[in-house]
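Written below as structure tokens is the structure these notes are about.
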Number of protein chains: 2
Amino acid sequence: MRARPNQKIALEADPAEAIFVRTGLLVLRTELPDKRRQILNLLYPRDIFRTSFSPPLPEAALAAAVASEIWRVPSNTFETLANSDPCLGALLSRQLAAQQSRANLHVAAIGSLNGEERVASFLIELALRIGSTSPDGISFQIPLSRNDIADYLALNADTLSRIMSRLKARGIVVQKTRGRALVPDGKVLRDLSPITDALVALHGSAASIQAQHFSALA
Amino acid sequence: MRARPNQKIALEADPAEAIFVRTGLLVLRTELPDKRRQILNLLYPRDIFRTSFSPPLPEAALAAAVASEIWRVPSNTFETLANSDPCLGALLSRQLAAQQSRANLHVAAIGSLNGEERVASFLIELALRIGSTSPDGISFQIPLSRNDIADYLALNADTLSRIMSRLKARGIVVQKTRGRALVPDGKVLRDLSPITDALVALHGSAASIQAQHFSALA
DNA sequence: CGGAACGTTGACTGTCATCAATCTCTGTGG
DNA sequence: CCACAGAGATTGATGACAGTCAACGTTCCG
């Protein structure tokens, strides 16, 4: 199943349906009664989401941040898959554990970092996930709108814009076109975030290689 | 295995060991380089924690908030348990999903609520989990120190103290002894939190009853 | 009794949110 | 091809809320 940017992915009646991200990027978005929005989680390729992970808030929904390809796996299919092959089952549970770990790290980021550190952490995360190294530095596409980034980092969109402007003024990030960023010197950026090491462990190439193992199996 | 209050529970070398909470309350605590602390998660009885859920931060550790009884389950035992009985396996995955859901709700709380709303949400959570109703209202023990509560809610301890004082001044909570609170009128408290409904869904009696099912099986 | 850890309170500071105005992109239709 | 509209992004002025630092209270322990 394909999803266009900004398309919502219905969380079906099936309370334990699994959604597997093939390509693209999904966000788990909620909205509180008084229209405060929050993005709880980013789902990268190979991530697994189950409807029952969603918090019981009225407005919780998955949405595609960019064009994405996803698989919907009915709950019983998921269970039988996991049970049929112990090796696959172990991979699934490792994948889910990694996602828990990421979620916990994100709590730490939102809970104890200031605005600039959060933004830096987010940029590092993107660079690790979807960045490509070139002679000029690390460049990557920014797959979320300013509003979505702000919601993800628990910042105000205006505040986020200010922080980005400051980073640009300092030459830490360069914005070539809308939606595309270049980090000339990765080290400087890494020094801005106190959780760089953890981000590398969870989003860096080691994590990806482990995950490719996964794809091979599937 | 028993743990005294404030005792740390080592996260063993075994990267996928499971810890099962029988009684008491555990906290998942981290500390950033510059000694900013953060409690990422509360683990209530029947919760499952796996070492691999912990974020890769140097200071991440489980600690008992009150006297607790826990089981350590080696990773292979855990897997075989989950696979041996499909019914048990389903229960385990439901339990883990519920914990994900709680973690996500906590992100929403920290990310979009102000101080007073966070404290109110926390009190509601405690009341639902460990509160007992009496003619005077709902009373419960406060199982965390002020510092730990502050770290859990991503607030400063001083700020938390101020908020609590304000709630006491308004008569919304009454503190009989240190470590014990009484909420005369639950409705007033519930109105202070925008996520009351979600808290009830995840911590209320319905959730507990489902969980008892679990104990019966184990 | 005395000390240490924990909690409370006040004065002050800094960061982030709010509101409003302006600017920049993107896509549409004349 | 240009003009226009509308969403998204930026920026400034201002204010509210939470953090910091320091002093003082309280509780619990030996």
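In what follows, every heavy atom counts, from backbone to side chain, and hydrogens, waters and symmetry copies are set aside.
- Between B:Met164 atom CE and C:dC6 atom P there is a gap of 17 Å when expressed in whole angstrom units.
- For DNA chain C, the residues of residues 110-124 of chain A within the heavy-atom distance limit of 4.0 Å (strictly under) are A:Asn114, A:Gly115, sorted by number.
- Atom CZ of A:Arg178 is separated from atom P of D:dG8 by 9 Å (rounded to the nearest Å).
- Using a 4.0 Å cut-off between charged nitrogen and carboxylate oxygen, B:Arg170 and B:Glu116 count as a salt-bridge pair.
- If you check C:dT8, C:dC25, D:dT11 against the side chain of B:Lys168, the one that comes closest is C:dT8.
- Heavy-atom contacts from other residues, nucleotides or ligands closer than 6.0 Å to CG of A:Asn6 number 12 or fewer.
- Note on B:Glu69 versus B:Arg2: salt bridge recorded, some NZ/NE/NH1/NH2 to OD/OE distance being below 4.0 Å.
- For the residue pair B:Tyr44/B:Glu125, the side-chain donor-acceptor check at 3.5 Å is satisfied.
- Following rounding to the nearest Å, A:Lys35 (NZ) and C:dA17 (P) show an atom-to-atom distance of 16 Å.
- For A:Arg37 and C:dA17, the CZ to P distance is 14 Å, given to the nearest whole Å.
- Across the protein-nucleic acid pair, A:Ile142 atom CD1 and C:dC25 atom C1' stand 15 Å apart, rounded to whole Å.
- Here the side chain of B:Ser112 pairs no donor or acceptor atom with the backbone of B:Ala109 at under 3.5 angstrom.
- Atom pair A:Leu160:CG and D:dG8:P shows a separation of 15 Å (rounding to whole Å applied).
- Taking only distance into account, the side chain of B:Arg162 meets the base of D:dT20 through a donor-acceptor pair shorter than 3.5 Å.
- Under the 4.0 Å criterion applied to side-chain N and carboxylate O atoms, B:Glu17 and B:Arg72 are assigned as salt-bridge partners.
- Atom CZ in A:Arg36 sits roughly 15 Å away from atom C1' in C:dC16 (whole-Å rounding).
- Residue B:Ile163 contributes atom CD1, which lies 8 Å from atom P of D:dG19 at whole-angstrom precision.
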Item to complete: Test A:Thr30 against A:Arg37 for side-chain hydrogen bond (donor to acceptor under 3.5 Å, both in side chains), laying out the working first.
Response: CA-CA 6 Å; A:Thr30 64; A:Arg37 289 191 317 163; over 6 Å; no
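- The pair B:Arg36-B:Asp34 counts as a salt bridge, with a side-chain nitrogen and a carboxylate oxygen less than 4.0 angstrom apart.
- With respect to the salt-bridge test (charged N to carboxylate O, under 4.0 angstrom), the residues A:Asp148 and A:Arg29 qualify.
- Residues from residues 145-159 of chain A that place a heavy atom under 4.0 Å from any atom of DNA chain D, listed by number: A:Ser145, A:Arg146, A:Asn147, A:Asp158.
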